[in-house]
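Contents: one structure, followed by commentary.
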There are 2 protein chains.
Amino acid sequence: MVQEPLDHVFHALSHPARRAMLATLTLGERNIGELAAPHAMSFAAASKHVRVLEGAGLVARRVEGRNHVCALQAEPLSKAEAWLSFFEGFWNRKLDALKAVLKARKETP
Amino acid sequence: MVQEPLDHVFHALSHPARRAMLATLTLGERNIGELAAPHAMSFAAASKHVRVLEGAGLVARRVEGRNHVCALQAEPLSKAEAWLSFFEGFWNRKLDALKAVLKARKETP
DNA sequence: CTGTTATTAAACCATATGGTTCAAGAACCG
DNA sequence: CGGTTCTTGAACCATATGGTTTAATAACAG
């Protein structure tokens, strides 16, 4: 029962093919076929992945004749990064604790 | 067919209850019951969510008598943030493009 | 018009996900 | 010991997910 925007974004990012597609789109616009090509799956499956990315607001589609041209929409990723950044202190804290232990060990040999 | 570490992490983050649990754990260690309490779901369901977080390496569990004490393990989040940071240029770029348009409009009225 | 290309739609399948309920297992309380 | 508390396990259910294959649709090429 995925509902909030962040739910969609994180879910979209949870599949390697979709992350790869986003990475490809940083190089410029691509149509569905071009996005599908590198992946060992049917065209139709890739098309569904693109739809998931669209649903998360990460891809914008523009129909140009028979081609569906996709463009990266990175803004929602900034929301995800903002959420993660709240935890930055907590992976640094662990390093700080380690440093403290090492420092204490050096000072009391 | 989730497999890579990032797959697990992003999938774990895609459910609001799990994100809330991580947020709670920034306040200190909590047992399963405490993590479950704020959520409108059965104890067993919450327990499963904790297991997902564990599977993603985001939570460490320590059994203390009948309590299972959970602690935040934030490191995998840093991997996720690192992946996202690659895209920072792309949401900034959009803002830059907007600024450029506004600038051009002002200069050629 | 005909054929090829790009894409979606539909039907189907196996498995995962998120939830429930009820039973079972330890550990503490008195 | 007996009862309560914290937690998992198991069975079950509905729906979602990720994949397939086979049409169907639409646009371009000749």
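Reminder, nothing fancy here: chain letters follow the sequence lines and each chain counts from 1.
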Looking at [N], I'd like to know if its phosphate oxygens (OP1 or OP2) sit under 4.0 Å from a side-chain N or O belonging to [X].
X       : N      : value
B/Arg18 : C/dG18 : yes
B/His68 : C/dA27 : no
B/Asn31 : D/dT7  : yes
A/His49 : D/dG19 : yes

Could you tell me how far apart [X] ([atom1]) and [N] ([atom2]) are, to the nearest whole angstrom?
X       : N      : atom1 : atom2 : result
A/Asn67 : C/dT4  : CG    : P     : 18 Å
B/His15 : C/dA16 : NE2   : P     : 18 Å
B/Arg30 : D/dC6  : CZ    : P     : 15 Å
A/Glu54 : C/dT7  : CD    : P     : 12 Å
A/Arg51 : D/dG18 : CZ    : P     : 14 Å
B/Arg62 : D/dC6  : CZ    : C1'   : 15 Å
B/Phe43 : C/dA24 : CZ    : P     : 19 Å
B/Lys48 : D/dA10 : NZ    : C1'   : 9 Å

Please check if the side chain of [X] supplies one atom and the backbone of [Y] the other of a donor-acceptor pair under 3.5 Å.
X       : Y       : answer
A/Ser47 : A/Phe43 : no
B/Arg30 : B/Met21 : no
A/Asn67 : A/Val69 : no

In terms of relative ring orientation, are A/His15 and A/His49 parallel, tilted or perpendicular, with 30° and 60° separating the classes?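 Rings of A/His15 and A/His49: tilted, as their planes differ by 30° to 60°.
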Where each residue is assigned the nucleotide of DNA chain C containing its nearest heavy atom, which of A/Val69 and B/Ala17 is assigned the position nearer the 5′ end?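 Closer to the 5' end of DNA chain C: A/Val69.
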Considering only heavy atoms and no angle criterion, is a donor-acceptor pair shorter than 3.5 Å present between the side chain of B/Arg66 and the base of D/dT7?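 Such a pair does not exist between side chain and base.
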Under a 4.5 Å cut-off applied to non-hydrogen side-chain atoms, are B/Thr26 and A/Phe86 in contact?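 Yes; the side chains approach each other to less than 4.5 Å.
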Within the 4.0 Å heavy-atom criterion, would you say A/Ser42 contacts the bases, only the backbone, or no part of the nucleic acid?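 Base, at least one base atom sits under 4.0 Å.
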When the nearest nucleotide of DNA chain D is assigned to A/Ala46 and to B/Ser47 on a heavy-atom basis, which residue is associated with the more 5' position? B/Ser47
